[in-house]
Amino acid sequence: MKLLKAAVVFVLAPTLTPAFDPLSVSVMVGGAVMAWHLFSSDSWLKCRFQECCKKNSTVNFTALKAQLDNRLFGQHLAKDVVLKAVLGFSNNPSPKKPLMLSLHGWAGTGKNFLSQILAEQVHPAGLRSKFVHLFLATLHFPHHDQVKLYKEQLQNWIRGNVSACPSSVFIFDEMDKMHPGVIDAIKPFLDYYEEVDGVSYRKAIFIFLSNAGGDLINKAAFDFWSSGKHREDIQLKDLEPLLSVGVFNNKNSGLWHSSIIDRNLVDYFVPFLPLEHRHVKMCVRAEMAARGYAVDEKIVQAVADEMTYFPKEQKIFSDKGCKTVQAKLDIHEDFVMRDMKSRV
Amino acid sequence: MDVGKSHYLQMLMLPTKLFLCDLVVNQFAALQENLDKKLFGQHLVSKVVVKAVRGFLNNTNAKKPLALSLHGWTGTGKNFVSKIVAESIYKKGLQSKYVHQFVATLHFPHAHSINLYKDQLQSWIRGNVSACPRSLFIFDEMDKMHAGLIDSIKPFLDYYELLDGVSYRQAIFIFLSNAGAEKITEVALDFWRNGRTREDIQLTDIQNALSVSVFNNKNSGFWHSTLIDRNLIDYFIPFLPLEYKHVKMCVRVEIESRGYTVDEDIVSRIADEMTYFPREERIYSDKGCKTVDAKLDYYYDF
């Protein structure tokens, strides 16, 4: 229908402007139409050159599962929960509240990585997208005496961006270091309102990352290991009671959760288990493949052995998860590898 | 927007940005050579630094900025190494406008202005890295730096792709401190007392000794305890205290650089004048190679 109208306009335009020759008129009309498309939002032309917010974006299940399986190692619980959560949310045509995921765990286990993968599925440009916003407590809200300013700024920022693109993604890192006053500012957006001041937040996604509860999760994982059970047998229900007792009910844990979970605004608590030796080896292999080298098992073993492990006697879980693996790989590189790479 | 295209554009722009940063073309030959010729008595350092810097610079897809922590006894060559690294990467070395040196006691002296320092430092780092992604930041006297200020640098050292639109993944951060020097000396002394050579000391020996006492003790004043909590330091590079023979090497180099002929008698005399510890064995120089050139002036008259 649109095409027909366009065709009609093009054919009739020259007749309506006898002062100009048909060719010039067509060119002018064509130019005007293109300009109008470029400046209006959501037109196909603009979306080819600039990023657009998709009105009805749904997450591709198979793509997300493939990404999680291939890139995230050792987190069967996190993968499970996130897949179900995100799919349920995105396939729901009218969600009642924004999706709120709270990721907890030890350093280097993949919390930021997972939120990055997730953001990429919702907005293809991932963390570089205009519609994905990353906030670090120590960087963006450093001074505790300026909490009022941060609150206002944050609220305006969220409101503005969600009205521009309802399916915006907000990632808050280092939540355990964030001032509770700032977190309170976000609470209204997470709730079951249809609209707040004319803006609906129901399609937005909020991801909170923190290290809080990491030691409890580690203890649970260690208990499982020492009783001889498989890591994959750990269920969410094994971890939730621990977390609620140790972390949420403890006001001295420095954790803000006590206010947000009072209102049951967190949809999913996603625990991240500490990584074992074999997972570190998977990280090394992935890094070698990413750099274009052939995977050499000796080097993989050497790099994984160099990492430090806890607890001190049993040495099962990596202290730093997969962090600094890249750097250690640099040390083990030798000229053979460089030779192989240059020939590749 | 097609993500592939934006990455392609970034890759195209990368060489121009590197060119803008005034980088030296063949960086590694100079680095290895300079470290071998000019740095004495630090076999651990030359191995690790060259591999670390080379690996990082070659990696076009680094996931985080390079963070090196150089710690050890005074006068052992920490600032010297950072100078050599700067010279091998940037055409103008330490004078380059893309190399930034911060001395904790000089630039961040007052504890009560900590908030101001935090803001300024963050803006400074952000501004410079957006102008030149391959910037080098050297922080001296880290053991005297306020913990809150160190915390404010942490986000830049982490594995983020972009922070407020700026990528820090190509920057290099070097931290210098005296922390852990006693422990390192203990390890070196143990080796000496057991009759083993200095070159037998491995990185793991020192790391084990340090981690037990220092990293786990929050009162040790070892600033690393905050940064290593997040494991943001890529390499801990220890500097061993210098022995008599190394001091002599320093003297020889200084004489040659001034254009005189090397007189072994004078070299020995100058080296003898330095003070050594521990009191009985007298193996390691108290001040490393510092004040050697001043002593030289006394012996050579013009």
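Labels below follow one simple rule: chain letters A, B, ... track the order of the sequence lines, proteins then strands, and each chain is numbered from 1.
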Q: Identify which part of D319(A) has an atom lying under 4.5 Å from any heavy atom of chain B, answering side chain, backbone, both or neither.
A: backbone
Q. Within the distance-only criterion (no hydrogens, no angle test), does the side chain of Y160(B) pair as donor or acceptor with the backbone N or O of N112(A) below 3.5 angstrom?
A. no
Q. Quick one: CG on N59(B) to CG on L329(A), what's the gap to the nearest 0.5 Å?
A. 9.0 Å
Q: Could you check H143(A) against D119(B) for side chain to side chain contact (heavy atoms under 4.5 Å, CB included), going step by step and ending with a plain yes or no?
A: CA-CA 10 Å; H143(A) 308 303; D119(B) 287 336; 2.8 Å; yes
Q: Apply side chain to side chain contact (heavy atoms under 4.5 Å, CB included) to K64(B) and K323(A), showing your working.
A: CA-CA 10 Å; K64(B) 71 179 282 297; K323(A) 284 197 181 183; over 6 Å; no
**Q.** Closest-packed option against chain A by number of heavy-atom pairs under 4.5 Å, given T204(B), L66(B), V50(B), L162(B)
**A.** L162(B)
Show every donor-acceptor pair shorter than 3.5 Å between a side-chain atom in residues 107-114 of chain B and any protein atom, with sequence neighbours excluded, or say none if there are none.
residue : atom : partner : partner atom : Å
H107(B) : ND1  : V103(B) : N            : 2.8
H107(B) : ND1  : V103(B) : O            : 3.4

Q. Between N61(B) and chain A, which part of the residue has a heavy atom less than 4.5 Å away: side chain, backbone, both or neither?
A. backbone
Q. Going from CD1 on I233(B) to NZ on K320(A), what distance comes out if it is rounded to the nearest 0.5 angstrom?
A. 9.5 Å
Q) What's the spacing between N115(B) CG and Q146(A) CD if we round to 0.5 Å? A) 8.0 Å
Q. In Å and rounded to the nearest 0.5 Å, what is the CG to CG distance from D234(B) to D330(A)?
A. 8.5 Å
Q) Closest approach of T324(A) and Y159(B), non-hydrogen atoms and distance? A) N-OH, 2.6 Å
Q. Going by the salt bridge (Lys or Arg N to Asp or Glu O under 4.0 Å) test, which pairs reach into residues 132-144 of chain A, not counting sequence neighbours?
A. none
**Q.** Toward chain A, the part of V48(B) with a non-hydrogen atom under 4.5 Å
**A.** both
Q: Give, as side chain, backbone, both or neither, the part of K118(B) having an atom under 4.5 angstrom from any heavy atom of chain A.
A: side chain
Q. Heavy-atom distance under 4.5 Å to chain B: side chain of L136(A), backbone, both or neither?
A. side chain
Q: Answer with side chain, backbone, both or neither: which region of E306(A) has an atom nearer than 4.5 Å to a non-hydrogen atom of chain B?
A: neither
Q | Taking every non-hydrogen atom, the tightest pair across T138(A) and P155(B) | A | OG1-CG, 3.7 Å
Q | Which atoms of L163(B) approach chain A - backbone, side chain, both or neither, heavy atom under 4.5 Å | A | side chain
